[in-house]
Every structure is written in structure tokens, then in C-alpha cells.
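Take a look at the structure set out below.
Both ligands and their constituent atoms are indexed starting at 1 by order of listing.
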Amino acid sequence: MTITAEHVLERARTPFRNEPLTDFSRPENRQAQEEALAQVRSELGRTYPLIIGGQHIQNSDTFASVNPAQPDQVIGYFSRATLEQVDQAVRVAAEAFEQWKRVPAHERANYLFAAADRLRERRFLFNAWMIYEVAKSWTEADADTAEAIDFLEFYAREMLRLAEEQPLVRIPDEDNELVYIPLGVGAVIPPWNFPGAIMVGMTSASFVAGNTVVLKPSSASPAIAAQFVRILEEIGLPAGVVNFLTGAGSSIGDALVSHPLTRFIAFTGSRDVGLRINELAAKTQPGQRWIKRTILEMGGKDAIVVDETADLEAAANGIVVSAFGFQGQKCSACSRAIIVESVYDQVLQKVVEKAKQLSVGDVTRPETFMGPVIDANAFKKITDYIEIGKGEGRLVLGGGHHGPGYYIEPTIFADVDPHARIAQEEIFGPVLAFIRAKDFSDALRIANDTEYGLTGSVYTRDPERIQRAKEEFHVGNLYFNRKCTGALVGVHPFGGFNMSGTDSKAGGRDYLLLFTQAKAISAKKL
Ligand code: NAP
């Protein structure tokens, strides 16, 4: 069927709405999720090829992605791309760009709508892949899939908006227009912690804007990316528009970033890797004809501030969910609870009591709140920080761990100095530092006193303090009287300040502009 602009615009006329989350209290949804888990279990251990220009290429050199809950269970085997294959993938993407950039915006947008439909049909399967590959709980996995669908629906509409006639000031003797054109080949490098949403979001934003892509998924979550790439093949996305390249970032990342035909890099991940990419991308290579653009979203050391006017029960709930949801492995996770002195003991006690109730264990069971952390490296890093914390604060909860999966208890240190390492460095695990502030001003000062600036939340009932925090709390996503995680596409455009990244505001109206360049065209009236 030919896709007409009307057909696509008709669909886009339905205003964007966030995909509802699955209600797992309903027996039919629980059953569907159980069945999807069984199906995915039967598909574990398969071997996946690289995909370059539509060709499936199987290398003999492979690596395994494993289940963090059961590290001897292989999720899938993936080819380690060679440096020659990096070069090949970028060149193929550059060739494909010459055609793809001419495909009308409505056709490109329609691929996103089609992919969103497939993802909805496979919602429970996609959840199941995440439950197995990165140990998300049912609700965390489901929210990740919903966000992936949201990005597809949102960016499709955004592309159609950017393709409309753009408002310009008119002058009598000229016809003027401004059009958003694509950049070229993008290296898309997502993290494992939102292996559906961020991978889908960065990839789809890139190609809907008319760019072609080399997608290098995280080595901890390539199977989830492979499921999405399969969908792109099924919906008939032309070969070469999205190329799938697996392998360790430390081996092939530099070649991908510094390739002279790479035009931009869309990266989400740690501070150190982001800074390295920024540096490499800034170096002009022989034959390179542009300044590479970098879209870098990095780490956080996010704080929740609570003052004496706040609803302390709500604050404690917000802290616990933000600190320990998905094992604290969110860039937006609360790793610092900054509490004014007069309510410090009360809030600490409530948080400890609530965190004690959290279930840690098998995430294939619907009632489990926390599973293991992602891998052996993360496990070592987090348990090392727990040891450091023992010298920097008072351990009031957790601190323990158990195997064979990478399980770490929800851990809380009290009375931590704002400049302690566990109060400054991103741990990326279930470790929360409680910090005592003299008063609200002191709390805000402490909150701002890290090199990061991603999310933050303030629990207060005082309107003047709300106003002050709006002006002074220097974070990309600021919340009041709610958790500091759980940004919704379209509702809370997401991205951070300072060492948290380039503030790209994923899921917002500014995002697609980062994947385009504007061309102003002026013709003298004859
Ligand atoms: P990471 O270790 O920095 O890895 C991110 C991606 O970069 C992976 O695909 C990785 O591949 C790749 N990579 C590694 N070394 C590279 C190199 N030299 N050149 C190019 N690519 C390279 O981060 P992560 O552990 O996956 O994710 C956790 C981090 O992401 C945390 O810091 C978190 O705060 C941050 N994060 C930020 C946001 C945000 O929106 N600001 C959202 C989510 C996560 P391999 O897996 O093969 O090493």
C-alpha cells in the first residue's frame, strides 16, 4: 500500500498521549506476562548477527549477554564487530543516507508509527526480554516499553511538525522559507539501564529526521536492541538506514566516533565515556568535512530535599521509590536525601522502615520490587562504595549482598558529609546517603554542590521556598513534592546540566532539532 501524506497526518492528528502502564493486578495481564516470559525463556541462547546494509553477518568471535540474576544463563550470543566492520557500517550508512534523506518526512514518520504498533503488540515479550537481560521488575520493564512506544509516537509527530512551513517574518520582495534537513550518519550509543526506551528513542529520533544510523547497543543489553532492529526489518525500513553493530565500546567505540563519515554521535551513558566521546569527536579527521555534533546525556548525583513544612510520609515514599527503583540504576535515581535538621531523624526513620519492606529477589515474579544489579563490574563497584561508605557515614540499613546473581540490599548511610565520596560520586546502585542540612538554604546549597545537575526534587509546602528552588536548584529536571524519577515523554522533557550532559531534553520539542540542521532559502520575487 502506498503511504500517503494524508494517511500519516490523519494518524498524527490524534494528539500524543502517554502509553498507559499495564495493570498487573488484572489476571489476564499477569497471565500474558507469564506466557511471554515462558516464550522468551525458550528463545534464550540464540546467536545474533551484525546487520550492515541489510546483510546479516555472523562473526565467529562472539560474546555472551547473560542474565544478571543467574549469570550462567546466556541471553544471547553476539558478534564482536571488527574495526573493518565499523568502517563498513559507517560507509554503508553514508551511502544509504543519499537515498534516505530524500524520503518525505511523512513516510519516515510512518515507520515510527508502524514500529510503535508492533511494539504494542509485543509489549509483554519486550518486557520479558528486559526482565531477563537487565533484571527489571515487571513494572519497571513495562514502564520502559511504554516509554519506547511514547518516543516513537512523539518523534513521529515532531517530525511532521518540523516538516511544516516554518514561521518567518515576511518582506515584500522575497519569498523565504526555512527547512530542517538531516545531518548525515549518526553513531547511536545507548546504555543498558533503559535498554528499550533510550535505545529506541535515540535511534528513532535519528532516522525520522532523515539521518542514517549505526546503532551500537550496550554489551549488557544487545538482545533487547536486536528485538527492536527485527521490528524495523519487519516494517520494511530500507536496508542501511539502521545498521546494527555489536561489540565492546572500549574496542570499537573510538573507531565509530572518530570515523570521518560520522556526522553526529547520540550517546547516553556514564560521565567518563561521554567526555571521551566529546574529546574524540572534537578532533577533525583527514577527509572530515564538518564539525561533529555530540548529543551526550550522562550521569547524576540526584538529590531530594525535605524541609520541616513537608508531608514527611509522602517525602519518605518518594525517597524510597527514587532511590531503590530498578536497584538505584537510573540516572535520575535519588542518591542523596538532604533533610533539614528539625525533621532529619523522623524522615530517616520513615525511609529506613519503608526500605526494609522492599522485596529483593527473583524479578520474574510479579511481586518483586528489586532484582540484582547489572553485572560483576557494577557489583564490585557498588560493594566497594559500600565499604567506603562505612568510613564516611553510619550504616543504618543493608550493606549486604548475596549471589549467585548480583544482588545487593537496599543500603542507607546516615550522617554523611556533603563532600564525602558517596555524596559526590555516582555509584549507580541501591546506595542512599542521608545528609543533614541546617536549614532550607543550607539544603539547597548542598544539593547544588556536585558536578552533576540532572534531576532533583523538593518536598515543601512553603510557596516562597518553591519559588526559590525554581530559581536556584540547578538541575535539568526539577520536581516538587514527588519522586525525582519517572519522567514522561512529552510531559517532562529530560536532560541534565553540567557533567550530566548536553541537556538534550529527550521527549521534548527541542529534541529533534539536535538531529537536523536548518536551511534558510530566499528567492527574489521576479
Ligand atoms: P557506559 O559504560 O558509559 O556505556 C554507555 C554506552 O557507551 C554503551 O553502549 C557502551 O558500550 C558504550 N561505550 C563504552 N566505552 C565506549 C567508548 N570508548 N566509545 C564509545 N562508546 C563506548 O554507561 P552504562 O553503564 O551503559 O550506563 C550507565 C550510565 O548512563 C550512568 O552513568 C547513568 O547515569 C547514565 N545514564 C544517563 C542518562 C541520561 O539521560 N542522562 C540516562 C540513562 C543512563 P559497552 O556496553 O560495549 O561498553
Numbering the atoms of ligand 1 from 1, which are under 4.0 Å from a heavy atom of [X]?
X: Ile189; value: 6 (C), 7 (O), 9 (O), 12 (C), 20 (C), 21 (N)
X: Gly247; value: 47 (O)
X: Leu454; value: 41 (N)
X: Asp254; value: 18 (N)
X: Gly253; value: 19 (N), 20 (C)
X: Ile198; value: 42 (C), 43 (C)
X: Phe494; value: 40 (O)

Option set [options], criterion heavy-atom distance to [atom], minimum:
atom: atom 15 (N) of ligand 1; options: Ser219, Gly299, Ala197, Gly249; result: Gly249
atom: atom 6 (C) of ligand 1; options: Gly269, Ser500, Ser65, Pro190; result: Pro190
atom: atom 22 (C) of ligand 1; options: Leu280, Val273, Asp503; result: Val273
atom: atom 24 (P) of ligand 1; options: Phe194, Trp192, Tyr452, Phe428; result: Trp192
atom: atom 11 (O) of ligand 1; options: Arg276, Lys216, Gln329, Arg80; result: Lys216

Starting from [atom], what is the nearest protein heavy atom, named by residue and atom, and what distance separates them?
atom: atom 34 (O) of ligand 1; answer: Glu426 OE2, 2.6 Å
atom: atom 23 (O) of ligand 1; answer: Ser270 N, 3.4 Å
atom: atom 36 (N) of ligand 1; answer: Cys331 CB, 3.5 Å
atom: atom 27 (O) of ligand 1; answer: Pro191 CB, 3.4 Å
atom: atom 41 (N) of ligand 1; answer: Met298 O, 2.7 Å

TODO: Look up atom 32 (O) of ligand 1 and tell me if a protein heavy atom lies less than 4.0 Å from it?
DONE: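 Under 4.0 Å from atom 32 (O) of ligand 1, at least one protein heavy atom found.
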
Task: Distance-minimising heavy-atom pair for Cys484 and Thr455 - done: O-OG1, 3.4 Å

TODO: Locate the shortest heavy-atom distance separating Val475 from Phe497; write the atom from each residue and the value.
DONE: O-CE1, 3.2 Å

Task: For Asp417, all residues meeting side chain to side chain contact (heavy atoms under 4.5 Å, CB included), sequence neighbours excluded - done: His419, Ala420

Open item on the list: Is the positively charged end of Arg122 above the ring of Phe126, judged by distance under 6.0 angstrom from the centroid and angle within 45° of the axis?
Closed with: no

Open item on the list: Using a 6.0 Å distance limit plus a 45 degree cone around the ring axis, check whether Lys330 lies over the aromatic ring of Phe194.
Closed with: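 Because its charged atom misses either the 6.0 Å distance or the 45° angle limit, Lys330 does not stack over Phe194.
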
Open item on the list: Check this for me: does any side-chain nitrogen of one of Asp142 and Lys136 sit under 4.0 Å from a carboxylate oxygen of the other?
Closed with: no

Open item on the list: With a 4.0 Å cut-off on N to O distance, would you call Arg120 and Glu153 a salt bridge?
Closed with: yes

If you measure every N/O of [X] against every N/O of ligand 1, is any gap under 3.5 Å?
X: Thr268; value: no
X: Asn193; value: no
X: Lys330; value: no

Task: Parallel, tilted or perpendicular: ring planes of Phe379 versus Tyr406, cut at 30 and 60 degrees - done: tilted

TODO: For the residue pair Phe78 and Tyr48, categorise the inter-ring angle as parallel (less than 30°), tilted (30 to 60°) or perpendicular (more than 60°).
DONE: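 Plane angle under 30°, so parallel.
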
Task: Close approach, Ala248 and ligand 1, non-hydrogen under 4.0 angstrom - done: yes

Task: Between Thr364 and Asp362, a side-chain donor and acceptor under 3.5 Å - done: yes

Open item on the list: Please work out, at 4.0 Å between heavy atoms, whether the side chain, the backbone, both, or neither of Ile374 comes within that distance of ligand 1.
Closed with: neither

Task: Which residues share a salt bridge (Lys or Arg N to Asp or Glu O under 4.0 Å) with Glu84, sequence neighbours left out - done: none

Open item on the list: A side-chain contact here means heavy atoms from C-beta on lying under 4.5 Å apart; do Lys505 and Asn477 qualify?
Closed with: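 Contact flag for Lys505/Asn477 side chains = yes.
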
Open item on the list: Measuring only between side-chain heavy atoms, which start at C-beta, is Lys483 closer than 4.5 Å to Asn317?
Closed with: no

- [ ] Apply the test salt bridge (Lys or Arg N to Asp or Glu O under 4.0 Å) to residues Arg123 and Glu19: give CA-CA distance (whole Å), side-chain angles for both, the deciding distance (0.1 Å), then the verdict.
- [x] CA-CA 11 Å; Arg123 174 89 173 241; Glu19 191 66 16; 3.7 Å; yes

